[in-house]
A.B. asks: 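Supplied in structure tokens, the structure appears directly below.
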Amino acid sequence: MTVRVRFAPSPTGRFHIGGARTALYNVLFARQTGGRFILRIEDTDTKRSTPEALEELKEALRWLGLHWDEGPDVGGPYGPYRQSERKAIYQRYAQQLLEAGHAYRCFCSPERLARLREAQQKAKQTPRYDGLCRSLTREESDRRAATGEPFVIRFKAPKDGTTTVHDYLRGDITVENSTLDDFVLVKSDGMPVYHLAAIVDDHEMAITHVFRGQEWLSTFPLHALIIRAFGWQEPVWCHLSVFLNPTGKGKLSKRHLKSEQEVFVLGLRDLGYLPEAINSWIALMGASFGAEEELLSLDEMAARFSLDRLTPSAARVNFEKLDDFNGKWIRRLAVDDLCTRIKPFFERAGLKVDDPTLRRITPLVRERIVTLDDAVEMAGFFFRADVQPQPADLTPKGLTAEQSTQALERARAALEALPEFTHAAMELRLRELAAELQLKTGQLFGLLRAAITGQTVSPPLFECLEIVGRETTLRRLDQALQLLKSPAGL
RNA sequence: GCCCCCAUCGUCUAGAGGACCAGGACGUGGCCCUUUCAAGGCCAAAACCGGGGUUCGAAUCCCCGUGGGGGCACCA
């Protein structure tokens with residue numbers, strides 16, 4: 001039997017890393033087993049589902065390289081893959097449950113239900129449907145439905161005994177049936193609720209393994225009961241642990257983060273993170289791959305993925321590790337590849353990028369950036385006409401303004417006179433100059449760095465100068481000297 | 001409040017009764033390298049939640065406690 005797995009998100013908000021990890025594990029398992037990965041859109045909540053969310057979801061999945069074999073846009077033999085287009089299918093199955101006595105119509109108004117819930121909470125009881133309509137006769141139920149009275153369809157959960165379900169990661173889980181509720185299966189607008197839709201679709205789409213979040217653990221027995229009521233075979237269930245906030249307090253939410261973009265896949269992309277880094281990072285929170293190396297490609301992870309290496313406990317997200325992974329992935333990138341990835345960040349910052357220069361600076365920044373975005377701060381000066389050094393950086397500690405001026409003037413002359421404007425030649429000459437001026441190399445070079453890059457931190461100075469070119473270098477030195485002469489005026 | 005799940009360094013994890021005075025990674029500290037910042041190399045500190053069992057032997061199995069998490073909608 002070929003493996004068929006599915007990722008079934010609800011397009012109700014921005015796509016976050018928790019969802020990405022669930023999708024990733026599905027993909028890895030499918031790839032490893034030669035199975036199929038299905039994307040199914042759970043948009044039965046017409047109030048909350050939005051087209052924008054769906055687009056973001058698909059874009060994020062594609063960006064991560066998590067391509068689906070069946071689903072929206074690509075189709076497949078079990079479509080449609082959007083639940084909103086499958087209403088008739090669910091109604092047919094709901095009818096089947098109704099006729100078999102596994103479900104019943106409930107005519108209780110939302111108001112009555114709200115009052116009921118309130119009273120139960122006040123009495124410190126678990127809010128649950130009290131079963132009023134459960135005892136309605138078939139005739140009365142049919143009659144009231146025929147008059148057009150609105151109703152929902154509820155599952156008739158067993159009252160006595162226990163129900164045992166099996167989760168691959170946790171083993172058997174047994175609950176007292178007395179704690180079960182008569183869940184709504186079909187809403188009064190005829191739309192199914194997750195509990196019905198997901199179970200029907202997993203069956204209809206021949207899903208063999210379900211990887212889903214542990215938030216479904218509490219309704220897991222109900223899902224198994226529905227499957228059993230139909231007499232279907234159960235898939236293998238893996239309830240994945242949740243992501244917790246870095247503080248460990250509660251489920252991951254944007255509120256506890258430096259930037260709320262950090263929870264969203266596309267947010268991370270815009271922050272300058274690589275899909276490779278995100279994949280290898282989220283994969284490791286909730287599973288292990290038994291490899292010496294932690295930075296694994298999708299293919300490597302697929303080869304090593306195992307249900308037995310999934311962890312059932314919740315994981316706090318660790319953004320420091322993401323940074324580490326991202327830096328390491330960046331350093332693995334070929335120069336050309338990195339160029340194309342960095343370029344948009346320069347452009348987004350309003351800089352005009354010329355490709356030959358970009359090609360030359362990329363190896364320099366590659367060693368020292370954590371996110372792609374860092375390249376702008378590190379190397380933006382290459383693409384600006386002029387720079388604005390801080391006056392304080394031109395008169396560093398231990399040097400008077402006169403000394404700084406003298407040093408820059410001598411350096412300028414030396415650079416102008418250099419036969420070859422190469423970094424090797426510059427370094428040789430300027431080291432001599434530092435000795436002549438009785439300055440530490442750090443002092444002289446720091447001064448030049450400030451004057452020419454406008455920064456105190458930059459890629460190696462002489463490589464920078466070589467790329468900036470003699471003309472611009474001399475001009476910026478002149479501007480720095482100007483600044484030294486009249487710091488107040490500027 | 002009720003139900004369910006989970007529990008190894010600060011964090012993610014390895015560990016499936018003896019191979020563990022518990023291994024790796026991130027982070028932290030130190031050293032080296034060094035024109036800045038990084039990168040890189042080396043080193044260090046750092047954990048089996050508590051209590052009972054079972055067993056010759058438990059991080060590993062069982063029970064209780066504690067802690068953490070998830071859920072309790074005509075949302076998914």
Side-chain angles (χ1 to χ4, degrees), chain A residues 8-12 42-45 47-49 106 108-110 113-114 117 120-121 123-128 150-154 167 169-170 173-176 178-181 183-189 191 193-195 197-198 212-221 239 241-242 244 246 248-251 281 284-295 308-309 311-325 327-328 331 365-370 374 378 427 430-431 434 440-450 453 455-462:
Chain A
S10 252
T12 53
E42 310 237 335
D43 56 352
T44 55
D45 185 348
K47 290 186 202 74
R48 296 199 309 150
S49 299
C106 171
C108 294
S109 67
L113 264 18
R117 189 160 41 239
Q120 286 167 330
Q121 275 165 348
K124 302 231 183 241
Q125 289 171 325
T126 304
R128 237 177 332 185
F151 63 84
V152 299
I153 296 176
R154 286 183 185 276
D167 174 79
L169 308 182
R170 288 160 253 260
I173 297 168
T174 300
V175 293
E176 295 286 335
S178 59
T179 65
L180 264 23
D181 196 3
F183 279 84
V184 169
L185 258 24
V186 178
K187 297 182 257 187
S188 55
D189 65 0
M191 270 295 193
V193 139
Y194 174 90
H195 308 306
R212 38 134 67 158
Q214 80 159 30
E215 63 267 25
W216 296 112
L217 220 41
S218 54
T219 45
F220 181 22
H239 290 87
S241 61
V242 286
L244 266 27
K249 286 280 163 222
K251 221 169 29 158
W281 172 60
L284 240 29
M285 293 185 289
S288 63
F289 291 83
E292 281 292 305
E293 176 60 74
E294 284 192 328
L295 293 206
D308 299 313
R309 287 181 171 281
T311 10
S313 52
R316 297 190 197 183
V317 293
N318 182 350
F319 288 101
E320 282 80 31
K321 192 131 178 170
L322 204 217
D323 282 347
D324 178 63
F325 275 23
K328 284 176 175 160
R331 273 166 253 133
V365 298
R366 183 170 56 180
E367 303 304 313
R368 28 184 68 77
I369 59 176
V370 170
D374 290 341
M378 177 72 63
E427 177 163 2
L430 290 170
R431 278 186 187 282
K440 288 188 206 139
T441 50
Q443 289 178 303
L444 210 217
F445 298 169
L447 209 47
L448 288 168
R449 172 173 287 109
T453 70
Q455 305 168 182
T456 54
V457 171
S458 80
L461 183 63
F462 306 112

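The sequence lines fix the lettering, A, B, ..., with proteins before strands; numbering per chain opens at 1.
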A.B. asks: Taking the same atom, C1', in B:rG51 and in B:rG15, what whole-Å distance lies between them?
C.D. replies: 24 Å
A.B. asks: Please report the distance, rounded to the nearest Å, between CG in A:Leu322 and P in B:rA25.
C.D. replies: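 Taking atom P of B:rA25 as the reference, CG of A:Leu322 is at 19 Å.
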A.B. asks: Now, which nucleotide makes the Watson-Crick or G-U wobble pair with B:rA47, with each of the two distances under 3.5 Å?
C.D. replies: none
A.B. asks: Could you encode protein contacts along nucleotides 64-72 of chain B as a string, one character per nucleotide from 5' to 3', using B for base contact, S for sugar-phosphate-only contact and - for no contact, with a heavy-atom cut-off of under 4.0 Å?
C.D. replies: -----SSSB
A.B. asks: Identify, with sequence neighbours excluded, every residue that meets side-chain hydrogen bond (donor to acceptor under 3.5 Å, both in side chains) alongside A:Glu427.
C.D. replies: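 Partners of A:Glu427 by the side-chain hydrogen bond (donor to acceptor under 3.5 Å, both in side chains) criterion, ordered by chain and then number, come out as A:Arg431.
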A.B. asks: Excluding sequence neighbours, so at least two apart, what forms side-chain hydrogen bond (donor to acceptor under 3.5 Å, both in side chains) with A:Asp167?
C.D. replies: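 A:Asp167: side-chain hydrogen bond (donor to acceptor under 3.5 Å, both in side chains) contacts with A:Arg170, A:His239.
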A.B. asks: Salt bridge (charged side-chain N to carboxylate O under 4.0 Å, His left out) with A:Lys321: which residues, sequence neighbours excluded?
C.D. replies: A:Glu294
A.B. asks: Mind calculating the distance between CD (A:Glu42) and P (B:rA76) to the nearest angstrom?
C.D. replies: 8 Å
A.B. asks: Name the pairing partner of B:rU34, where a pair is Watson-Crick or G-U wobble with both distances under 3.5 Å, or state none.
C.D. replies: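 B:rU34 is unpaired by these criteria.
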A.B. asks: With rounding to whole Å, what would you report as the distance between B:rA47 and B:rC42 at their P atoms?
C.D. replies: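 B:rA47 and B:rC42 have their P atoms separated by 23 Å.
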A.B. asks: Who is the Watson-Crick or G-U wobble partner of B:rG1, with both distances under 3.5 Å?
C.D. replies: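 Check on B:rG1: paired to B:rC72, both distances under 3.5 Å.
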A.B. asks: Would the distance check show the side chain of A:Thr311 and the main-chain N or O of A:Ser313 forming a donor-acceptor pair, the cut-off being under 3.5 Å?
C.D. replies: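 Between the backbone of A:Ser313 and the side chain of A:Thr311 there is no qualifying donor-acceptor contact (under 3.5 Å).
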A.B. asks: In B/S/- notation, 5' to 3', how is nucleotides 27-41 of chain B contacted by protein heavy atoms closer than 4.0 Å?
C.D. replies: S-------BBBBSS-
A.B. asks: Mind checking salt bridge (charged side-chain N to carboxylate O under 4.0 Å, His left out) for A:Arg309 and listing every partner two or more places apart, or none if nothing turns up?
C.D. replies: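 Once residues adjacent in sequence are excluded, A:Arg309 has no partner under the salt bridge (charged side-chain N to carboxylate O under 4.0 Å, His left out) criterion.
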A.B. asks: Can you list the residues that meet the ring-ring contact (aromatic ring centres under 6.0 Å, His included) rule with A:Phe151, with sequence neighbours excluded?
C.D. replies: A:Phe107
A.B. asks: Tell me the interatomic distance from A:Leu169, atom CG, to B:rA7, atom P, rounded to whole angstroms.
C.D. replies: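 So the CG-P distance, A:Leu169 to B:rA7, works out to 11 Å.
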A.B. asks: Please pick, from B:rC6, B:rA76, B:rC5, the nucleotide with the shortest atom-to-atom distance to any side-chain atom of A:Ile173.
C.D. replies: B:rC5
A.B. asks: Within the 4.0 Å heavy-atom criterion, would you say A:Val152 contacts the bases, only the backbone, or no part of the nucleic acid?
C.D. replies: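 Base: the residue A:Val152, judged by heavy atoms under 4.0 Å, touches a nucleobase.
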A.B. asks: Pick the nucleotide of RNA chain B nearest each of A:Arg316 and A:Asp43; which residue has the one closer to the 5' end?
C.D. replies: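 Result of the comparison: A:Arg316.
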A.B. asks: For A:Asp374, check salt bridge (charged side-chain N to carboxylate O under 4.0 Å, His left out) against everything at least two apart and list the hits.
C.D. replies: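 With sequence neighbours excluded, A:Asp374 shows a salt bridge (charged side-chain N to carboxylate O under 4.0 Å, His left out) to no residue whatsoever.
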A.B. asks: Taking pairing as Watson-Crick or G-U wobble with both contacts under 3.5 Å, can you name the mate of B:rU11, or confirm there isn't one?
C.D. replies: B:rA25
A.B. asks: Output all residues satisfying side-chain hydrogen bond (donor to acceptor under 3.5 Å, both in side chains) with A:Thr44, sequence neighbours left out; order by chain, then residue number.
C.D. replies: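 Applying side-chain hydrogen bond (donor to acceptor under 3.5 Å, both in side chains) to A:Thr44 gives none.
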A.B. asks: Can you tell me the base-pairing partner of B:rU60? Count Watson-Crick or G-U wobble geometry only, both distances below 3.5 Å, and say none if there is no partner.
C.D. replies: none
A.B. asks: Rounded off to whole Å, could you give me the CG-to-P distance for the A:Leu284 and B:rC12 pair?
C.D. replies: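 Nearest whole value for this atom pair: 12 Å.
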A.B. asks: Which part of the nucleic acid does A:Gly286 contact within heavy-atom distance under 4.0 Å: base, sugar-phosphate only, or nothing?
C.D. replies: sugar-phosphate
A.B. asks: Look at the rings of A:Tyr194 and A:Trp216 and say which category their plane angle falls in: under 30° parallel, 30 to 60° tilted, over 60° perpendicular.
C.D. replies: parallel
A.B. asks: Distance check, C1' atoms only: B:rC20 and B:rC9, in whole angstrom units.
C.D. replies: 15 Å
A.B. asks: Starting at atom CZ of A:Phe220, determine the distance to atom C1' of B:rA76, rounded to an integer number of angstrom.
C.D. replies: 17 Å
A.B. asks: Rounding to an integer number of angstrom, what distance separates B:rC31 and B:rG68 when you compare their P atoms?
C.D. replies: 39 Å
A.B. asks: Would you measure the distance from the P atom in B:rC56 across to the matching atom in B:rU13 and give it in whole Å?
C.D. replies: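 Rounded to whole Å, the distance is 35 Å.
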A.B. asks: RNA chain B: A:Arg309 or A:Leu113, which has the more 5' nearest nucleotide?
C.D. replies: A:Arg309
A.B. asks: Using purine N1 to pyrimidine N3 plus N6-O4 or O6-N4 for Watson-Crick, or N1-O2 and O6-N3 for G-U wobble, each under 3.5 Å, what pairs with B:rG17?
C.D. replies: none
A.B. asks: Has A:Trp281 got a side-chain atom pairing as donor or acceptor with A:Phe319's backbone, closer than 3.5 angstrom?
C.D. replies: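 Answer holds: no.
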A.B. asks: A:Lys440: what forms a side-chain hydrogen bond (donor to acceptor under 3.5 Å, both in side chains) with it, not counting sequence neighbours?
C.D. replies: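 Result, side-chain hydrogen bond (donor to acceptor under 3.5 Å, both in side chains) vs A:Lys440: none returned.
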A.B. asks: Starting at CZ of A:Phe319 and ending at C1' of B:rC12, how long is that distance when rounded to a whole Å?
C.D. replies: 13 Å
A.B. asks: On a whole-Å scale, what distance lies between the C1' atoms belonging to B:rC26 and B:rA46?
C.D. replies: 13 Å
A.B. asks: Given B:rA76, B:rC5, B:rU13, identify the nucleotide with an atom nearest to the side chain of A:Thr311.
C.D. replies: B:rU13
A.B. asks: Got a list of protein N/O to nucleotides 45-48 of chain B N/O distances below 3.5 Å?
C.D. replies:
none

A.B. asks: Looking at A:Ser288, does any N or O in its side chain come under 4.0 Å of the phosphate oxygens OP1/OP2 on B:rC12?
C.D. replies: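 It does not, given that no N or O in the side chain of A:Ser288 lies less than 4.0 Å from OP1 or OP2 of B:rC12.
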A.B. asks: In whole angstrom, give me the gap between the P atoms of B:rG10 and B:rC2.
C.D. replies: 32 Å
A.B. asks: Without swapping roles, check the side chain of A:Ser10 against the backbone of A:Glu42 for a donor-acceptor pair under 3.5 Å.
C.D. replies: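 Yes, because the side chain of A:Ser10 sits within donor-acceptor range (under 3.5 Å) of the backbone of A:Glu42.
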A.B. asks: Does the base of B:rC74 carry an N or O that pairs as donor and acceptor with the side chain of A:Ser188 under 3.5 Å?
C.D. replies: yes
A.B. asks: Between B:rC21 and B:rC62, how far is it from one C1' atom to the other, in whole Å?
C.D. replies: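 Rounded to whole Å, the distance is 27 Å.
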A.B. asks: Just so I know, are the side chains of A:Glu367 and A:Pro460 near enough to count as touching, which here means a heavy-atom distance under 4.5 Å?
C.D. replies: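 No. Closest side-chain heavy atoms not under 4.5 Å.
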A.B. asks: Under the salt bridge (charged side-chain N to carboxylate O under 4.0 Å, His left out) rule, collect the residues that match up with A:Arg117, sequence neighbours excluded.
C.D. replies: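 Result, salt bridge (charged side-chain N to carboxylate O under 4.0 Å, His left out) vs A:Arg117: none returned.
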A.B. asks: Measure from OH on A:Tyr194 to C1' on B:rC75 and round the result to the nearest Å.
C.D. replies: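 It works out to 12 Å between those atoms.
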